[in-house]
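To keep things clear, I will list the structure first and then write my remarks on it.
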Amino acid sequence: MGSGLLGAKTGLKVRELLETLPILLLLVVLCGLDWALYSIFDTIRHHSFLQYSFRSSHKLEVKVGGDSMLARLLRKTIGALNTSSETVMESNNMPCLPQPVGLDARAYWRAAVPIGLLVCLCLLQAFGYRLRRVIAAFYFPKREKKRILFLYNDLLKKRAAFTKLRRAAILRRARQQKAPRHPLADILHRGCPLLRRWLRRRCVVCQAPETPESYVCRTLDCEAVYCWSCWDNMRQRCPVCTPREELSSSAFSDSNDDTAYAG
């Protein structure tokens with residue numbers, strides 16, 4: 001029963017972690033997309049910068065020659081129109097370029113810390129459930145006893161059903177081994193050494209290929225093949241030729257005792 005509860009808790013943790021996996025992937029994708037966009041826009045800003053410089057000068061001068069009174073009058077009046085100007089204009093396209101701002105380490109930490117806390121809570125959730133059971137058992141001991149008996153009997157029922165399914169699978173594989181093979185398979189087994197590893201018989205429990213160390217049942221018309229580890233797990237009793245009532249459930253489960261329901 002302990003192994004079943006441990007497997008259930010492990011499955012619960014794995015399921016909770018799988019539920020947080022999309023959030024973690026979304027965070028990674030968003031951070032990667034942010035870094036990629038920042039790199040693109042920063043490259044555009046550096047390599048697309050253009051600066052324009054425009055310089056122009058203008059000078060207007062009218063010269064009037066002569067020493068007469070009219071020439072002197074014209075020099076005084078028209079000379080006021082003499083002008084000179086110089087224009088310098090500089091411009092660039094900086095206002096039109098993107099101005100990316102990269103996230104600092106603090107921003108990444110603020111995004112990663114909640115996800116880390118969520119993963120920690122998923123790992124600690126089973127202990128929270130256990131604490132809840134302990135609190136309920138403290139206030140309702142009779143109810144806790146009924147719950148434990150129900151879980152224990154349910155586990156024994158599942159183990160018995162699994163034992164039947166396991167024995168049925170072994171019997172099916174044994175019947176498949178006893179069925180006559182096609183003559184072509186025998187020809188390939190004798191003539192092609194490379195194909196023998198796929199044409200050999202297999203253990204009826206774990207489907208491991210037959211080896212010289214494999215055990216073959218000595219019962220007449222049985223000849224089921226077992227690897228040594230599976231033969232030891234079967235307590236050296238062949239479930240194919242042994243009647244069901246003579247087989248103990250301990251030959252198919254991890255328990256050393258027969259199935260007995262608690263009341």
Side-chain angles (χ1 to χ4, degrees), residues 1-30 109-174 203-208 226-263:
M1 183 173 66
S3 61
L5 293 178
L6 181 60
K9 293 176 182 177
T10 304
L12 180 62
K13 291 182 180 180
V14 173
R15 186 182 64 185
E16 296 293 340
L17 290 176
L18 290 178
E19 291 179 356
T20 60
L21 187 60
I23 303 176
L24 182 61
L25 292 177
L26 179 61
L27 176 63
V28 173
V29 170
L30 291 179
W109 276 108
R110 288 178 180 176
V113 166
I115 303 298
L117 293 177
L118 181 61
V119 173
C120 293
L121 290 177
C122 292
L123 295 176
L124 298 176
Q125 186 176 12
F127 298 98
Y129 289 159
R130 184 181 300 178
L131 182 62
R132 181 182 62 181
R133 184 195 62 80
V134 171
I135 296 174
F138 178 78
Y139 289 100
F140 305 99
K142 294 183 179 180
R143 183 71 176 178
E144 177 67 12
K145 183 179 179 180
K146 292 180 180 179
R147 189 186 75 89
I148 293 176
L149 291 178
F150 171 78
L151 292 176
Y152 180 71
N153 291 331
D154 184 66
L155 181 62
L156 292 180
K157 291 178 182 179
K158 292 180 179 179
R159 182 178 295 175
F162 175 73
T163 299
K164 294 179 181 179
L165 293 175
R166 197 172 186 183
R167 187 173 187 273
I170 294 174
L171 293 175
R172 184 178 66 254
R173 292 168 185 170
C203 174
V204 294
V205 180
C206 65
Q207 292 293 292
Y226 299 91
C227 61
W228 271 111
S229 60
C230 293
W231 181 246
D232 291 337
N233 292 334
M234 293 293 107
R235 310 298 166 86
Q236 298 184 358
R237 302 189 66 179
C238 179
V240 178
C241 57
T242 304
R244 180 183 301 179
E245 57 273 7
E246 296 183 9
L247 287 174
S248 173
S249 62
S250 60
F252 297 93
S253 63
D254 297 333
S255 176
N256 293 325
D257 300 327
D258 292 344
T259 302
Y261 293 97

Distance check, rounded to the nearest 0.5 Å: [X] atom [atom1] versus [Y] atom [atom2]?
X: Cys120; Y: Ile115; atom1: SG; atom2: CD1; value: 11.5 Å
X: Leu30; Y: Leu26; atom1: CG; atom2: CG; value: 4.5 Å
X: Trp231; Y: Arg237; atom1: CH2; atom2: CZ; value: 9.5 Å
X: Leu25; Y: Thr20; atom1: CG; atom2: OG1; value: 9.5 Å

TODO: Take Tyr226 and Cys206, measure what side-chain contact (heavy atoms from CB on, under 4.5 Å) needs, and give me the verdict at the end.
DONE: CA-CA 8 Å; Tyr226 299 91; Cys206 65; over 6 Å; no
Open item on the list: Quick one: does any side-chain atom of Asp154 pair with a main-chain N or O of Phe150 as donor and acceptor, under 3.5 Å?
Closed with: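 Side chain of Asp154 to backbone of Phe150, a donor-acceptor pair under 3.5 Å: no, none is there.
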Task: Sidechain-backbone polar pair: Arg173 side chain, Cys203 backbone, donor-acceptor under 3.5 Å - done: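 Looks like no, no N/O pair under 3.5 Å.
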Task: Arg172: salt bridge (charged side-chain N to carboxylate O under 4.0 Å, His left out) partners, not counting sequence neighbours - done: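 Arg172: no salt bridge (charged side-chain N to carboxylate O under 4.0 Å, His left out) contacts found.
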Open item on the list: The criterion is salt bridge (charged side-chain N to carboxylate O under 4.0 Å, His left out); which residues satisfy it with Glu144, sequence neighbours excluded?
Closed with: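 Glu144 satisfies salt bridge (charged side-chain N to carboxylate O under 4.0 Å, His left out) with Arg133, Arg147 only.
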- [ ] Could you tell me which non-hydrogen atom of Leu171 sits nearest to which non-hydrogen atom of Pro239, and how far apart they are?
- [x]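 Leu171 and Pro239 have their closest heavy atoms at CD2-O, 3.9 Å.
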Task: Residue of the set Val28, Val119, Leu118 for which side chain to side chain contact (heavy atoms under 4.5 Å, CB included) holds with Ile23 - done: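 Answer to the side chain to side chain contact (heavy atoms under 4.5 Å, CB included) test with Ile23 among Val28, Val119, Leu118: Leu118.
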